Amino acid sequence: EMERTSSSSLLIEEENSNRPGFFRRILNIFDEDETHELDDIQPVSFLQLFRFASRKELFVIVIASIISLLAGFISPIRMFIVGKITTIYVEEKAPLDNDKFLWSVWTWSSLNGIGFIITFIIEFIQHYLHMWATERIMKRCRSTFVDSILSRDSSDIKLSTGELSNRLNSYIDRMRDGI
């Protein structure tokens, strides 16, 4: 009895393994393009995305990620400041001709403005560093791909030039999105 149950459960698992997952079925409902030429590509690990990166580019990506974390820490601080400004407005009964009220609103609003400028600058630097490193990595990857294609015998390549270029660009774009 026990042996029969385990073998039947294996049969059920084998039947379900060929069936697409729930989210894939949902996406297939809205998928306008029926061709899935990229579905046969196996995903790579996170670290393999950076195999074409130099030490300098890895360092820049790490710095950009740290800067991004810093920007993420600034956002809740700015929300606290906006909450403080709102509290000052709500709690003040007589805001007209009240210098203390005006001074506290001006102080907190100035902090919020300074926080906005700092966040903007930090996010710009972070984005620039990520894009700089990513473009250099993609350039190296593209060069490696073209070198490997040129080193092959042309009779081995069954694709047209346009299709080869299209695949290269789509693969590079997927890698860029991953990084």
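The model shown is predicted, which means the values in this text are computed figures rather than measured ones. Below, all heavy atoms of this structure are taken into account, side chains as well, without hydrogens, waters or symmetry copies. Each residue takes its place number in the sequence, starting with 1.
Taking CD1 of I66 as the reference point, atom CD1 of I61 lies at 12.5 Å (rounded to 0.5 Å). Expressed to the nearest 0.5 Å, how far NZ of K56 lies from CH2 of W132 amounts to 4.5 Å. With rounding to the nearest 0.5 Å, the separation of NZ in K139 from OG1 in T134 is 14.5 Å. One distance of note links OG of S68 with CD1 of I63; it measures 12.5 Å at 0.5 Å rounding. Taking CZ of R51 as the reference point, atom OG1 of T144 lies at 9.5 Å (rounded to 0.5 Å). The line from OG of S143 to CE of M138 is 11.5 Å long, rounded to the nearest 0.5 Å.
Heavy-atom minimum distance, V60 versus L129: CG1-O, 3.6 Å. Shown here for R140 and F52, the closest heavy-atom pair between the two residues is NH1-O, 2.6 Å.
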Ignoring hydrogens and angles, write down the donor-acceptor pairs under 3.5 Å from the side chains of residues 117-126, residues two or more places apart or on other chains.
unit_1 : atom_1 : unit_2 : atom_2 : d
T119   : OG1    : G115   : O      : 2.7
E123   : OE1    : Q126   : NE2    : 3.1
Q126   : OE1    : H130   : ND1    : 2.8

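A donor-acceptor pair under 3.5 Å is absent between the side-chain atoms of E92 and the main chain of Y89, judged by distance alone.
Y128 and L69 end up in different hydrophobic clusters when Ile, Leu, Val, Met, Phe, Trp and Tyr side chains are linked at under 4.5 Å. No continuous path of hydrophobic side-chain contacts links I74 to M79 [ILVMFWY only; heavy atoms under 4.5 Å]. Criterion: ILVMFWY side-chain heavy atoms under 4.5 Å apart, direct or through other members. Under it, M131 and I67 are not part of a common hydrophobic cluster. One hydrophobic cluster, built from ILVMFWY side chains closer than 4.5 Å, holds both F59 and L70.
The neighbour count for D147 CG, taken as heavy atoms of other residues, nucleotides or ligands under 6.0 Å away, is above 12.
No side-chain heavy atom of W108 sits under 4.5 Å from any side-chain heavy atom of V82.
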